[in-house]
Amino acid sequence: MNFHETIAVAAEPYPFEFVPATCALLLIDMQRDFLEPGGFGEMLGNDVSRLRRTIEPNRRLLAAWRAQGLQVLHTREGHRPDLGCLPRSKKIRGRSPTTIGDPGPMGRILVRGELGHDLIPELYPLPTEAVIDKPGKGAFYATDLHAIMQNRGIRQLIVTGVTTEVCVNTTVREANDRGYDCLVPEDCVGSYFPDLHVAGLNMIKAQGGIFGWVSHSEHLLAVLQ
Ligand code: TIU
């Protein structure tokens, strides 16, 4: 693979012009509390198997991506231990008896430094890969992701992770408004809600790719060699 050539990757609504040198793989919130049995997600009554099906495709894509020496970024949703970056609206929304910052099954829920907040071992970052701690759903809000991308010459993102219609969608929209091109491999993103997963992908690729492109990891693996 030539790092600087433009490679057409099969995608909807039309092929994605992949330039490896300027493209990063961005894994969104593959955290224990969202994915693992016994975590916060499951505690809220969600079926974590709907997210766990994304682990293996992400593992394969990440391995192929790393093997080519391409750039990788990870995000984690969570808050400072003092909860200074947790809006009251986010704390009380949902009226759950247990909310962000409270003791949960894997430490304080969505608090930085706690076990449940950490990334799952299957997709653990290498020391060279930036981990962006984000207080919101979008990876650009109140983070240095934009600066990191500018400093590293990143203009395209392959966005994977969870959940399709929440943090993945918000991040793709934020990236789009900043002038970045995003491709979402559908097997590498997941939602607790199948209908919202489909809707989330449709919203990205509708209207000629209004927010970006949707593809499958097999089309990326086919060119990562
Ligand atoms: N990462 C992410 O999507 N956080 C969420 O809160 N997702 C939900 O689906 N609630």
Side-chain angles (χ1 to χ4, degrees), residues 25-55 57-58 73-80 83 85-102 104-112 114-120 122-125 130-143 145 157-176 182 184-204 211-212 214:
L25 175 61
L26 176 66
L27 295 100
I28 302 285
D29 301 357
M30 292 297 276
Q31 292 162 260
R32 290 174 179 266
D33 254 337
F34 293 129
L35 286 128
E36 294 200 337
F40 180 49
E42 192 176 73
M43 199 186 87
L44 294 175
N46 296 302
D47 174 2
V48 293
S49 71
R50 296 195 195 284
L51 305 195
R52 295 191 66 78
R53 68 156 183 81
T54 69
I55 296 174
N58 267 292
L73 305 165
H74 306 255
T75 69
R76 296 184 296 205
E77 179 176 352
H79 297 276
R80 301 159 50 96
L83 303 183
C85 60
L86 175 63
R88 182 176 145 75
S89 57
K90 187 174 178 182
K91 171 75 176 164
I92 65 173
R93 189 82 51 79
R95 299 180 172 178
S96 170
T98 311
T99 62
I100 296 169
D102 294 342
M106 292 190 220
R108 291 179 69 201
I109 293 165
L110 293 190
V111 169
R112 297 173 191 165
E114 301 288 336
L115 180 66
H117 171 264
D118 205 1
L119 297 167
I120 59 170
E122 296 91 330
L123 301 172
Y124 214 74
V131 178
I132 291 125
D133 279 317
K134 62 185 185 62
K137 303 307 182 195
F140 289 87
Y141 170 68
T143 74
L145 175 58
L157 291 171
I158 308 300
V159 186
T160 75
V162 298
T163 63
T164 315
E165 77 281 13
V166 183
C167 294
V168 171
N169 234 271
T170 307
T171 297
V172 167
R173 288 162 185 245
E174 286 185 333
N176 178 64
C182 294
V184 178
E186 61 187 3
D187 54 321
C188 294
V189 295
S191 168
Y192 298 122
F193 310 101
D195 52 337
L196 298 184
H197 171 75
V198 172
L201 294 171
N202 285 341
M203 281 190 274
I204 290 167
F211 298 122
V214 174

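Counting starts at 1 for both ligands and their atoms, in listed order.
- Note on K134 versus E174: no salt bridge recorded, every NZ/NE/NH1/NH2 to OD/OE distance being 4.0 Å or above.
- In this structure, CZ on R93 lies 11.5 Å from CZ on R88, to the nearest 0.5 angstrom.
- For ligand 1, the 4.0 Å heavy-atom shell contains residues D29, F34, E77, K137, V162, T163, V166, C167.
- Counting heavy atoms from C-beta outward, L51 and T163 have side chains that approach closer than 4.5 Å.
- A distance of 9.5 Å separates OH in Y192 from CG in D47, rounded to the nearest 0.5 Å.
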Using a 3.5 Å cut-off and no angle test, enumerate the donor-acceptor pairs between side-chain atoms of residues 33-42 and protein atoms at least two apart in sequence or in another chain.
from, atom 1, to, atom 2, distance (Å)
D33, OD1, F40, N, 2.8
E36, OE1, R32, NH1, 3.1
E42, OE1, G38, N, 2.7

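- Atom CZ of R80 is surrounded by 12 or fewer heavy atoms from other residues, nucleotides or ligands within 6.0 Å.
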